[in-house]
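The structure appears right after this line, and notes come after that.
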Amino acid sequence: MSLARHAPRGAFRASAALTCLLLGCGLAGGASAGSIRGKVMFAGTAPAAAKVPVTIDQYLCGNEKPADDLQISSAREIRNAVVWIENAPAEAAPAAMQKVEVDQKGCSFVPRVVVVPAGGTVDFLNSDRLLHNIHATPKTNVSFNRTQPMGRTIPITFAQPEIVRINCDLHSWMTAWVVVAAHRFYAVTGPDGGFSFDDLPPGQYRLQVWHERLGTVPASVTVGERQPAQVSVEMKTR
Ligand SMILES: [Cu+2]
């Protein structure tokens with residue numbers, strides 16, 4: 001009886017050891033402890049930061065605004081690129097429904113680029129003492145065009161994975177992007193061009209890197225025993 005109970009456990013241990021041999025369970029913390037750390041870099045000489053003239057509401061918006069559609073550090077690191085894993089682990093659950101906010105502040109959308117899980121909601125805010133509007137004509141999500149006085153919150157739900165451009169029709173330079181994510185392995189690069197993914201099983205991953213001005217660039221990275229897996233992706237002007 002006692003032997004019969006122990007035998008399957010022994011067999012399980014042996015099979016687990018074999019699985020580890022094949023898949024590499026040497027990773028600290030188990031089979032899903034893999035991480036990716038990456039950078040998105042600009043190839044070549046970065047163009048000078050552009051300005052756009054302000055032709056309306058200068059009393060609040062100023063006379064010009066940084067274009068902000070291509071933000072590159074002095075070390076050629078690209079901000080506001082969106083990176084996602086194309087072959088995300090099958091068990092990847094949708095991201096938790098956390099609040100995503102986009103404010104209209106100083107006549108700019110802040111932040112300019114956000115990620116929201118499919119089915120999630122973005123709260124659009126207006127902190128400015130003037131009228132803005134939010135206007136989008138997505139392909140697979142519902143279009144919207146809403147006037148937004150100061151202090152009003154407008155929640156918009158995005159059902160389908162898609163990259164959605166948002167504009168304010170009153171201020172032509174105002175653009176934001178809502179990246180509706182199919183799973184939780186999406187990231188927006190910070191000012192240092194950096195992004196990261198955690199809780200990945202070992203394996204080879206195909207990445208897609210999207211930037212509003214620079215298009216989409218594929219990359220690949222292998223998560224193995226050396227942690228975290230490092231990857232650098234270069235983008236250039238189209
Ligand atoms: Cu506006």
Side-chain angles (χ1 to χ4, degrees), residues 40 42 46-73 77-83 95 97-181 186-191 193 210-216 235 237-238:
V40 180
F42 190 80
K51 302 260 190 196
V52 289
V54 169
T55 51
I56 183 174
D57 294 332
Q58 285 109 331
Y59 71 97
L60 199 141
C61 305
N63 293 321
E64 59 180 17
K65 302 283 292 178
D68 279 347
D69 59 349
L70 183 56
Q71 298 179 52
I72 304 174
S73 76
E77 301 145 331
I78 300 175
R79 182 181 194 172
N80 281 342
V82 179
V83 186
M97 290 294 175
Q98 57 203 21
K99 200 177 254 305
V100 178
E101 291 182 342
V102 175
D103 198 1
Q104 293 171 91
K105 201 173 183 180
C107 306
S108 294
F109 286 104
V110 183
R112 184 182 179 89
V113 180
V114 293
V115 171
V116 64
T121 298
V122 177
D123 281 342
F124 287 91
L125 314 174
N126 178 5
S127 295
D128 285 339
R129 200 172 288 278
L130 48 68
L131 207 59
H132 287 298
N133 107 309
I134 50 171
H135 189 184
T137 51
K139 287 194 172 72
T140 58
N141 285 278
V142 177
S143 295
F144 55 92
N145 187 4
R146 306 276 299 271
T147 299
Q148 189 163 36
M150 182 187 183
R152 178 182 293 173
T153 299
I154 300 179
I156 303 281
T157 298
F158 296 87
Q160 302 293 332
E162 183 178 4
I163 298 176
V164 180
R165 179 185 178 131
I166 319 285
N167 281 102
C168 170
D169 293 334
L170 300 169
H171 306 107
S172 56
W173 63 87
M174 289 180 65
T175 300
W177 298 89
V178 174
V179 178
V180 190
Y186 281 64
V188 183
T189 57
W210 170 87
H211 182 274
E212 60 179 294
R213 283 274 307 277
L214 307 175
T216 305
M235 301 189 90
T237 312
R238 284 183 288 180

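These numbers come from the heavy atoms of this one structure, side chains and all, not from hydrogens, waters or symmetry mates. Read the numbers this way: they start at 1 and go in the same order the structure lists the ligands and their atoms.
- Phe144 and Phe124 have tilted rings, their planes meeting at an angle from 30° to 60° on a 0 to 90° scale.
- Just one residue in the list Gln104, His135, Arg112 forms a side-chain contact (heavy atoms from CB on, under 4.5 Å) with Met174, and that residue is Gln104.
- Counting backbone and side-chain atoms alike, Cys168 contributes an N/O/S atom closer than 2.8 Å to the Cu ion (ligand 1).
- Considering every non-hydrogen atom in both Pro155 and Thr121, the closest pair reads CB-CG2, 3.7 Å.
- The Cu ion (ligand 1) sits nearest to atom ND1 when only the N, O or S atoms of His132 are considered.
- Residues His211 and Leu70 meet the side-chain proximity criterion, which asks for heavy atoms closer than 4.5 Å.
- Here the N, O or S atom of His171 that is nearest to the Cu ion (ligand 1) is ND1.
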